[in-house]
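The structure appears right after this line, and notes come after that.
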Amino acid sequence: DLGGPEDTPKFQFLGYVLGTAHPPGYPLYVMLSHLFVQLPIGTIAYRANLFSAVMASLAVALAYVITRQMGARRPAAFIAAAGLATGYSFWPSAVFAEVYSLAALMAALTISLLLAWGARGATALLIAAVAAFGLGLGNHLTIVGLLPGAVAYVLVRDRRVVTGRVIAAAGVVMLVCVAQYGFIVLRTYQGAPFLESSATTLSELVGVVTAERFANQRFAFSLSTLLTVQVPGVAEVIRRELGTGGVLLVAAGLIAAARRRNLAAGLIFAAAGGMLVMVVNLQGDTNGFITPA
């Protein structure tokens, strides 16, 4: 019900009133949670919490699918998905109203669609992956970290797909997806009941999307701070998430994937690594930030 850590009380009613949160405003979360909180069960806060649980459950299901797409057998895929579901950081994100379980779902959906394209070669699946990524940008920007790995995967898997027509289609899809940030301008003009982020001009909207308000908390750390504060902090969260045994299993999996030249596993490790680079350069709720990774 009502209450919870950090921004949870805000996110419990944000979708109901179609408001905006702190930068970048989280339009995807707001619009999807608005639909979900119409359910005639429990309180508004309970429905918002349940929305996170459903998004997390879908992310866990996709983790199973992705593991199978890597070539693992069903028992291994089930264990991997169960390990994610019961993780130290993942579980809290799944039971409170927050953006992190939706972020995990969008990252997993993007990766799964890319792997499906890699297996079948259907261009529609590649464009669908672009759409999932673009929509994910409207929820949490850590998804940007998977972009280098995704591009590398496409080029290695079949660079012939990178044609002018496909690039144009991907560009149009991205523009349509990013247009969701127009929601912030719309609600500003409409005078929404709660506007933590507001914009009436394009420059103001860019400032919201790029989170200028938090300029000193993102990609603003010295090398010394990164090495002595940020990296050890993220590493400790990962250690608590996986345990020593889990960290060793990840290392063993990475070695095995490299020896087998498993391209799907390469995409997954690159995507996770890219998102962790994003997290290391952010100050804030590290437990939540690493959820997609």
Side-chain angles (χ1 to χ4, degrees), residues 11 14-15 18-38 48 51-63 65-66 69 93-94 97-118 122-151 153-154 166-187 197 199 205-206 208-211 267-268 271-272 274-275 278-279 288-289 291-293:
F11 283 114
L14 199 62
L18 284 174
T20 63
H22 54 273
Y26 307 100
L28 182 68
Y29 176 89
V30 172
M31 290 184 281
L32 291 180
S33 63
H34 175 74
L35 296 175
F36 201 89
V37 297
Q38 307 306 314
F51 174 70
S52 290
V54 172
M55 297 302 102
S57 298
L58 292 173
V60 169
L62 278 176
V65 171
I66 289 169
Q69 288 174 306
S93 297
E98 257 291 3
V99 298
Y100 302 126
S101 58
L102 178 58
L105 172 61
M106 299 313 296
L109 181 59
T110 301
I111 291 170
S112 184
L113 287 169
L114 277 173
L115 293 177
W117 165 77
T123 305
L125 290 170
L126 181 59
I127 299 301
V130 173
F133 175 81
L135 289 172
L137 290 175
N139 180 64
H140 205 277
L141 295 179
T142 48
I143 197 172
V144 172
L146 67 75
L147 185 58
V151 171
Y153 175 79
V154 171
V166 170
I167 292 173
V172 170
V173 168
M174 280 297 297
L175 284 174
V176 171
C177 291
V178 173
Q180 66 183 294
Y181 276 102
F183 169 83
I184 296 172
V185 176
L186 175 64
R187 294 302 285 159
S197 293
L205 183 60
V206 170
V208 170
V209 176
T210 57
L267 167 62
I268 292 160
M275 286 188 283
M278 294 284 292
V279 173
F289 291 164
T291 300

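- Proximity of Val37 to Phe51: side-chain heavy atoms (C-beta onward) are nowhere separated by under 4.5 Å.
- The two residues Ala108 and Leu62 have their closest heavy-atom pair at CB-CB, 3.9 Å.
- A distance-only check finds no donor-acceptor pair linking the side chain of Ser112 to the backbone of Ile66 [under 3.5 Å].
- From Leu102, atom CG reaches atom CG of Leu135 across 9.5 Å, with rounding to the nearest 0.5 Å.
- Distance alone, capped at 3.5 Å, places no donor-acceptor pair between the Ser33 side chain and the Ala48 backbone.
- Side-chain atoms of Thr291 come within 3.5 Å of backbone atoms of Gly288 as a donor-acceptor pair (strictly under, hydrogens ignored).
- In this structure, Leu105 CG and Ser52 OG are separated by 11.5 Å, a value rounded to the nearest 0.5 Å.
- Residue Leu18 holds its CG atom at 9.0 Å from CE of Met31, rounded to the nearest 0.5 Å.
- Residues Trp117 and Ile127 fail the side-chain proximity criterion, which asks for heavy atoms closer than 4.5 Å.
- For the ring-ring contact (aromatic ring centres under 6.0 Å, His included) with Tyr26, the qualifying choice from Tyr100, Tyr181, Phe183, Phe11 is Phe11, the only one to do so.
- By the side chain to side chain donor-acceptor pair (under 3.5 Å) test, Ser101 pairs with no residue at all, sequence neighbours left out.
- In this structure, Ala116 and Gln69 approach most closely via the heavy-atom pair N-NE2, 3.6 Å.
- Between atom CG of residue Leu126 and atom CG of residue Leu113 there is a gap of 9.5 Å, rounded to the nearest 0.5 Å.
- In terms of modelled atom types and a separation under 3.5 Å, the side chain of Gln180 and the main chain of Cys177 share a donor-acceptor contact.
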Throw together a table of side-chain donor-acceptor distances under 3.5 angstrom for residues 140-150, partners on residues two or more places apart or in other chains.
residue	atom	partner	partner atom	Å
His140	ND1	Thr142	N	3.4
His140	ND1	Thr142	OG1	3.0

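- Scanning both residues, Pro24 and Ile184, for their nearest heavy atoms gives O-CD1, 3.5 Å.
- Remark: the backbone N or O of Val206 is paired with a side-chain donor or acceptor of Thr210 at under 3.5 angstrom.
- If you take OH on Tyr29 and CE on Met55, they are separated by 10.0 Å, rounding to the nearest 0.5 Å.
- Nearest heavy-atom pair across Phe133 and Met174 is CD2-SD, 4.0 Å.
- Here the shortest heavy-atom pairing between Pro23 and Val208 reads CB-O, 3.3 Å.
- Between Asn139 and Ala103 the shortest heavy-atom distance is ND2-N, 3.2 Å.
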